[in-house]
Undergrad: 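Here it is: the structure, laid out below.
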Amino acid sequence: MAQMNMLHAINEALSIAMTADERMVIFGEDVGHFGGVFRATSGLQEQFGRDRCFNTPLTEQGIAGFANGLASYGMTAVAEIQFADYIFPAFDQIVNETAKFRYRSGNQFDVGGLTFRTPYGGGIAGGHYHSQSPEAYFTQTPGLKVVIPRNPEQAKGLLLASIRDPNPVIFFEPKRLYRASVGEVPAGDYIIELGKAQVIKQGSDITVLAWGAQMEVVEKACERAEKEGISCEIIDLRTISPWDVETIAKSVTKTGRLLINHEAPLTGGFAGEIAATIQQECFLSLESPINRVCGLDTPYPLIHEKEYMPDELKTFEAIKATVAY
Amino acid sequence: MSNAPLTNETVHRVSFLDKASLHIPILRILQADGTTYENAVLPVIDKALADKIFDTCVFTRVLDERMLGAQRQGRISFYMTCTGEEASIIGSTAALDKDDVILAQYREHASLRYRGFTTEQFMNQMFSNEKDLGKGRQMPIHYGSRELNYQTISSPLATQIPQATGVAYGMKLQGKRNVAICYFGEGAASEGDFHAGLNMAAVLKSPTIFFCRNNGYAISTPTEEQYAGNGIASRGVGYGMHTIRVDGNDMLAVLAATQQARAHALEHNAPVLIEAMTYRLGAHSSSDDPSGYRSKEEEAKWQQHDPVKRFKLWMVNKDWLTEADEAKLFERYREEVLAAVKVAEKLPIPKLDEIIEDVLDKPTPALRKQLKELKEHISKYPKAYPKSAGRL
Ligand SMILES: Cc1ncc(C[n+]2csc(CCOP(=O)(O)OP(=O)(O)O)c2C)c(N)n1
């Protein structure tokens with residue numbers, strides 16, 4: 001075990017994966033010698049050469065299409081999209097191509113060796129275009145896995161699992177935690193299974209569910225709630241698609257209440273999907289309506305960022321309201 | 001057939017064309033000492049225009065220097081300079097009519113200043129205060145002004161390029177004698193939107209000026225890793241439009257090229273591509289440190305091609321300017337910018353109600369409900385939301 005921040009953990013995962021798999025290449029805007037604008041790929045070009053870690057021209061559409069081609073030819077492709085806000089120029093390649101390669105060819109071709117890494121989320125004074133959480137756009141598309149880690153240890157294990165998963169994965173990295181989240185990370189090679197949520201804390205009154213950077217927020221909110229005598233069960237979804245219905249349903253059956261928190265706008269966000277499913281799975285156990293604390297239905301604002309965020313206090317209030325329903 | 005090949009020449013053994021086949025000269029009018037080349041054809045320029053251009057240069061230098069300082073002191077969160085590229089930006093804008101629409105990338109605040117954006121307006125945007133025309137929603141430097149025909153900056157790169165094609169096509173249909181100009185870097189010219197925008201403009205005959213600031217780098221990526229062809233200019237030719245490459249540090253060359261590009265666009269309802277060869281003297285943004293990817297020697301070399309200095313020498317040679325005038329101008333703008341910072345940073349942020357405005361033309365019922373709940377929440381925890389709690 002060693003203490004490190006999330007960027008360091010991601011860098012270590014990439015280096016381990018490249019060492020183990022000589023067909024793996026990493027590319028994207030500024031990822032070469034410079035190591036990426038956040039420095040997640042620092043040192044990889046020096047370590048593995050320019051053929052395996054390189055800058056691409058500035059085109060997300062090109063990066064995604066190129067990645068599809070590479071992966072369809074048996075390479076392991078790890079493509080960086082500099083900010084999740086800039087994944088949209090690649091949207092067609094990802095949702096129409098990456099996601100459907102296997103299905104449309106009757107499994108003759110696939111791009112399972114492809115992973116997109118991209119920093120997402122707000123709280124960094126980035127305004128509209130450096131703060132979005134676009135995961136729900138991709139969960140609507142069958143054929144993709146969507147993964148979001150919450151801390152360095154998770155980032156390393158989930159990223160290694162994503163790279164090795166035989167399906168294309170979009171790996172969203174919570175950029176406000178890149179340097180802020182520091183923790184113990186196991187040494188060497190390990191994976192954390194995809195598609196499994198993690199119960200972080202057991203509780204009996206309410207299940208509080210989130211992912212990525214919002215885990216910190218809900219943990220703090222739950223601490224406050226505990227002081228008022230409310231016992232919270234906290235779950236990190238980790239893989240947003242396909243998501244772990246069983247673990248959530250089991251927890252909600254026990255607690256009778258569910259609160260979901262995400263940073264993306266409320267309407268059409270993934271919390272809606274979870275609420276609908278859990279309502280069906282756990283109807284007879286529910287003691288209050290499933291609650292959501294999410295971003296507002298506006299573009300991500302700059303100066304009112306604090307007001308916009310589904311923060312600790314809003315979550316705390318929602319926990320109390322749900323329990324008192 | 002309009003799309004027939006331009007020549008009927010045939011050859012009978014394989015012979016490929018390469019980037020060297022396309023000979024693209026660079027237009028240069030001003031020499032380093034401020035004199036013009038002997039046979040150079042000058043742009044249309046008089047003292048009043050030269051004064052306005054120089055004034056904009058000085059203001060922009062001062063703004064960049066002071067705001068980068070303000071960013072380092074933590075007074076604003078982010079900044080981007082256009083240092084080194086003033087001739088490209090100001091020289092091209094000075095060739096336009098005030099009703100020509102500008103669609104910029106983000107590094108072209110000098111254009112906005114040339115059009116008359118006030119020092120206060122710059123500050124209001126950067127400090128996201130209640131007077132910001134963009135209502136505090138975007139990061140510093142994302143300016144926009146309807147009054148000045150300068151569309152609001154959007155961060156996703158190159159999206160403005162096909163939009164400019166559409167704007168100019170609208171002008172044509174409305175019978176306006178105007179063009180749209182769109183600025184972008186050589187990095188952004190790799191995006192799909194660039195190719196779509198140029199092709200549409202050429203085919204649909206849209207009077208658009210595509211202005212590429214080829215400044216050597218896209219963040220850390222040098223041009224050798226951005227494209228393998230003959231710069232961006234070769235693409236204009238490929239799409240079938242009039243194209244010119246200019247020395248982007250030569251105010252007179254940029255001005256002359258853009259004046260004629262504009263005339264051509266209007267006369268023929270056709271797009272034009274201008275590639276200005278320049279250099280991004282500063283960092284990419286206040287979050288970037290260029291020492292990780294380029295040498296001090298390289299930067300120093302380009303310092304010697306300072307576009308503002310070259311233009312100043314020309315004005316001095318013509319007796320339109322003295323060193324003393326220049327010093328006075330710098331001093332005046334330094335004071336003006338500092339004073340404006342002090343005022344702007346004290347103004348309150350926009351009211352919370354504005355957060356739900358302009359999502360659509362009117363806030364939806366869902367948004368009204370969200371605002372109401374947000375206000376109730378803030379009233380309960382006013383200390384946690386100090387910037388808006390006092391004025392709900
Ligand atoms: C679609 C998109 N991808 C990535 C980015 C991140 N980004 C911002 S500026 C920049 C480099 C742009 O370089 P260039 O177009 O050459 O302009 P310059 O900064 O040199 O003026 C990048 C990659 C973005 N804003 N939009």
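Below, chains carry the letters A, B, ... as their sequence lines are ordered, and counting in each starts from 1.
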Undergrad: Using side chain to side chain donor-acceptor pair (under 3.5 Å) as the criterion, list what pairs up with B:Gln370, not counting sequence neighbours.
TA: A:Asp297
Undergrad: Enumerate by number any residue of residues 123-134 of chain A whose heavy atoms lie under 4.5 Å from heavy atoms of chain B; in the absence of such residues, state 'none'.
TA: A:Ala125, A:Gly126, A:Gly127, A:His128, A:Tyr129, A:His130
Undergrad: Pick one: which of B:Glu275, B:Glu85, B:Glu186 meets salt bridge (charged side-chain N to carboxylate O under 4.0 Å, His left out) with B:Arg213?
TA: B:Glu85
Undergrad: Given a strict heavy-atom distance threshold of 4.5 Å, which part of B:Leu367 is in contact with chain A: side chain, backbone, both, or neither?
TA: side chain
Undergrad: With a 4.5 angstrom heavy-atom cut-off, which part of B:Leu360 approaches chain A: side chain, backbone, both or neither?
TA: neither
Undergrad: Assess B:Arg107 against B:Tyr183: is NZ or CZ under 6.0 Å from the centre of the six-membered ring, and within 45 degrees of the ring's axis?
TA: no
Undergrad: Please flag which part of B:Ala189 lies under 4.5 Å from any non-hydrogen atom of chain A: side chain, backbone, both or neither.
TA: neither
Undergrad: A:Tyr300 versus chain B, heavy atoms under 4.5 Å apart: side chain, backbone, both or neither?
TA: backbone
Undergrad: Counting only non-hydrogen atoms closer than 4.5 Å, does A:Glu317 touch chain B with its backbone (N, CA, C, O), its side chain (CB onward), both, or neither?
TA: side chain
Undergrad: Taking only heavy atoms into account, what residues of residues 45-55 of chain A are found under 4.5 Å from chain B?
TA: A:Arg50, A:Asn55
Undergrad: Can you classify the ring geometry of A:Phe38 versus A:Tyr178 as parallel (below 30°), tilted (30 to 60°) or perpendicular (above 60°)?
TA: tilted
Undergrad: Below 4.5 Å from any heavy atom of chain A, which atoms of B:Pro350 appear? Answer side chain, backbone, both or neither.
TA: both
Undergrad: Pick one of side chain, backbone, both or neither for A:Glu312, based on which atoms fall under 4.5 Å of a heavy atom in chain B.
TA: neither
Undergrad: What part of B:Asn129 gets within 4.5 angstrom of chain A, counting heavy atoms only: side chain, backbone, both, or neither?
TA: neither
Undergrad: Counting only heavy atoms closer than 4.5 Å, note whether B:Thr159 contacts chain A via side chain, backbone, both or neither.
TA: neither
Undergrad: Got a sec, which pairs hit salt bridge (charged side-chain N to carboxylate O under 4.0 Å, His left out) with one end in residues 263-273 of chain A, sequence neighbours left out?
TA: A:Arg176-A:Glu263
Undergrad: Mark yes when over 12 heavy atoms from residues, nucleotides or ligands other than A:Gln140 sit less than 6.0 Å from its CD; otherwise mark no.
TA: no
Undergrad: Tell me, for A:Phe316 versus chain B, whether the close heavy atoms (under 4.5 Å) come from the side chain, the backbone, both or neither.
TA: side chain
Undergrad: Given that the side chain runs from C-beta out, which part of A:Asp30 has a heavy atom under 4.5 Å from chain B: side chain, backbone, both or neither?
TA: both
Undergrad: Just by distance, no angles: are the side chains of B:Asp132 and B:Tyr143 close enough, under 3.5 Å, to form a donor-acceptor pair?
TA: no
Undergrad: Quick check on A:Glu305 against chain B: is it the side chain, the backbone, both or neither that has a heavy atom closer than 4.5 Å?
TA: neither
Undergrad: B:Lys375 versus chain A, heavy atoms under 4.5 Å apart: side chain, backbone, both or neither?
TA: neither
Undergrad: With a 4.5 angstrom heavy-atom cut-off, which part of B:Ile355 approaches chain A: side chain, backbone, both or neither?
TA: both
